[in-house]
There are 2 protein chains.
Amino acid sequence: MISRPPRPRERGIPEATVARLPVYLRALQSLQDRGTLTVSSEDLASAAGVNSAKLRKDLSHLGSYGTRGVGYEVQYLVYQISRELGLTQDWAVAIVGIGNLGRALANYGGFGTRGFRIAALLDADPEMVGQSVASLDVRHIDNLEDVVRSKGVSIGVITTPAASAQGVATRFVEAGVSSILNFAPVVLNVPDGVDVRKVDLSIELQILAFHAQRRADGDGRAAERAGLELT
Amino acid sequence: MISRPPRPRERGIPEATVARLPVYLRALQSLQDRGTLTVSSEDLASAAGVNSAKLRKDLSHLGSYGTRGVGYEVQYLVYQISRELGLTQDWAVAIVGIGNLGRALANYGGFGTRGFRIAALLDADPEMVGQSVASLDVRHIDNLEDVVRSKGVSIGVITTPAASAQGVATRFVEAGVSSILNFAPVVLNVPDGVDVRKVDLSIELQILAFHAQRRADGDGRAAERAGLELT
DNA sequence: CCCACTTTGTGCGTGCTTTCACAAGCACGT
DNA sequence: ACGTGCTTGTGAAAGCACGCACAAAGTGGG
């Protein structure tokens, strides 16, 4: 007799799967807009740009929401993924650093429809404070703690210069924000339990450059050698 | 006797390593600015926010550039990583979609110093064409092929609305651009051999929301149960 | 010249991710 | 009621990535 059941109904969705759920969700919403009622794993996978086996395994982590011989019901799957991602509730977001990028994010409409609400804009520059961006007044960074508390901010976005980013992150954490999206090109130091995600434009370009160079090298060598193995 | 040697001097750097090299590079440049001459894997790893064993293994893929008992020479390592990433040459970048985000990227100074040069800005809106952004004239999208050829553009950045992104990608590819950085929230369809990287703000927020919700659920349950196992 | 100390480079075990391939399950027509 | 055809859900295998722990290799002091 096995005393411990194999898994005590574990809620552990693999990280790689979590990163793909938003992609599936978007593909599904697009299908929904077109009035599609059901979709097969094959079709949804190709819309999301992944392998169909991977898609099925990913969805299987949420439960068995498909019907064999038919596929998945679009509307139901949209709801299940949204719920799993926590989009059925409303997340208040604060953006610190109202430069070009901060303004771009503030004006980006795609958030509201997906459970995110820009609740506050903050900046250190007195010139900026009081200006209205995307129907919100820019407030001074010294109000960060107040704003987090009064608006119930739970996600902080950092679009400041690199030099200020760590300070802002620390203040976010101390004010109780434990989810941070960082656009500044620095590695943030935060205590355990705080979740930081980094978006770094110049890193993406560098990765592209690496592959481009490798392709060019390969092509060059291949041309020289009149192309033997092209693995 | 084994007829085939284990590895024919393979140039295969793992993808995960490539993604971290830019982070190391930035940390090293920061050390260089401070006048540091050598650095240990331990120190560099902590500056880059990774495990020191991982850092050493990553660097070992480039060759043996460290000295046991001493560490790595900063300047030399900067050069080796830059060369490996292809930053010793100059990459011409074209940005299509001069909205808030496109402008933010065009004005972002961090590229020039790292081998990237914004060579052209394009937009479909006649109102936008002719305006000057970041010392460059915005040109109409119909000039894409000309611009790619005359400026030698090898990296395309897409910051258009979702609906236009696929069309722009296709035109980039047909014009000979095989590295694309896509900010539009769609999955791009491109032929083999074309490298697309995606940056998606709302996906990052959704991943943060997932973890935040999971933390909240866990805390809630833990509080109810007076906290047993806190794995 | 040798010894103690430091730090790199890497073999190896472990766990996560992807992919294949197929049994299980459902719908529909006869 | 039953077979046919399609699609899901999932073992099992292969491939990657991570991190420990240690031998190898260098430095510097006596």
Side-chain angles (χ1 to χ4, degrees), chain A residues 6-7 9-24 27-28 31 36-74 76-77 80-81 84 192 207 210-211 231, chain B residues 6-7 9-24 27-28 31 36-74 76-77 80-81 84 207 210-211 214 231:
Chain A
R7 286 280 164 91
R9 191 19 89 214
E10 189 181 6
R11 198 178 235 306
I13 299 182
E15 196 51 38
T17 296
V18 173
R20 282 186 294 265
L21 289 179
V23 180
Y24 303 154
L28 284 164
L31 288 170
T36 311
L37 295 180
T38 63
V39 65
S40 70
S41 65
E42 198 70 50
D43 290 351
L44 181 54
S46 101
V50 301
N51 182 299
S52 74
K54 182 148 63 179
L55 177 107
R56 288 198 299 275
K57 186 151 283 184
D58 282 344
L59 294 185
S60 79
H61 290 294
L62 312 188
S64 282
Y65 297 140
T67 307
R68 297 172 191 228
V70 177
Y72 300 89
E73 193 195 335
V74 173
Y76 187 55
L77 201 49
Q80 290 298 342
I81 295 180
E84 197 65 52
D192 283 0
I207 296 172
F210 171 83
H211 289 129
T231 322
Chain B
R7 287 279 166 91
R9 188 23 85 215
E10 191 182 4
R11 198 181 235 303
I13 298 182
E15 198 50 38
T17 295
V18 173
R20 282 186 295 264
L21 289 179
V23 181
Y24 303 154
L28 284 163
L31 289 170
T36 311
L37 295 180
T38 64
V39 65
S40 71
S41 65
E42 198 70 51
D43 290 351
L44 181 53
S46 102
V50 301
N51 180 298
S52 73
K54 182 150 61 180
L55 176 105
R56 289 197 297 276
K57 189 158 284 183
D58 282 345
L59 293 185
S60 79
H61 289 295
L62 313 188
S64 281
Y65 297 140
T67 308
R68 296 172 191 226
V70 177
Y72 299 88
E73 193 195 336
V74 173
Y76 187 54
L77 200 50
Q80 289 299 341
I81 295 180
E84 197 65 50
I207 296 172
F210 171 83
H211 289 129
R214 212 164 54 94
T231 321

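Chain letters run A, B, ... following the sequence lines, proteins first, then strands; residues in each count from 1. Below, each value reflects all heavy atoms present in this structure, side chains not excepted, and no hydrogens, waters or symmetry copies.
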I need the CG-P distance between A:L21 and C:dT17, as an integer number of Å. 13 Å
Send over the distance from B:Y72 OH to D:dG26 P, rounded to a whole Å. 14 Å
Has A:E15 got more than 12 heavy atoms of other residues, nucleotides or ligands less than 6.0 Å from its CD? yes
To the nearest angstrom, how far is B:D43 atom CG from C:dT6 atom C1'? 13 Å
Exercise: identify the closest heavy-atom pair between A:A27 and A:L44: CB-CD1, 3.8 Å
Validation row: B:I81, B:L59 side chains within 4.5 angstrom (heavy atoms): yes
Within residues 61-69 of chain A, which residues have any heavy atom lying less than 4.0 Å from an atom of DNA chain D? A:S64, A:Y65, A:G66, A:T67, A:R68, A:G69
For residues A:L55 and A:A45, report the shortest heavy-atom separation together with the two atoms involved. CB-CB, 4.2 Å
Between atom OH in A:Y76 and atom P in D:dT8, what is the gap in whole Å? 16 Å
A:L77 CG to D:dT7 C1', straight-line distance once rounded to whole Å: 15 Å
Per-nucleotide protein contact string for nucleotides 12-18 of chain D, where B marks a base within reach and S marks sugar-phosphate only (heavy atoms under 4.0 Å, - for neither): B----SS
Restricting to non-hydrogen atoms, name the atom on A:T38 and the atom on A:T36 that form the minimum distance, rounded to 0.1 Å. O-CG2, 3.3 Å
Student check: side-chain heavy atoms of B:R56 and B:S52 closer than 4.5 Å: yes
I need the CG-P distance between A:L55 and C:dT19, as an integer number of Å. 12 Å
For A:F210 versus B:E84, what's the shortest heavy-atom pair and its separation? CD1-O, 3.2 Å
With side chains defined as the heavy atoms from C-beta onward, is the minimum distance between B:L21 and B:L62 less than 4.5 Å? yes
For the pair made of CZ in A:R56 and P in C:dG25, what is the distance, rounded to whole Å? 16 Å
With nearest nucleotides of DNA chain C determined for A:A53 and A:V70 from heavy-atom distances, which residue corresponds to the more 5′ nucleotide? A:A53
Pairwise side-chain contact, B:L77 with B:Y24, heavy-atom cut-off 4.5 Å (strictly under): no
How close or far is atom P of D:dT8 from atom OH of A:Y24, stated in whole angstroms? 13 Å
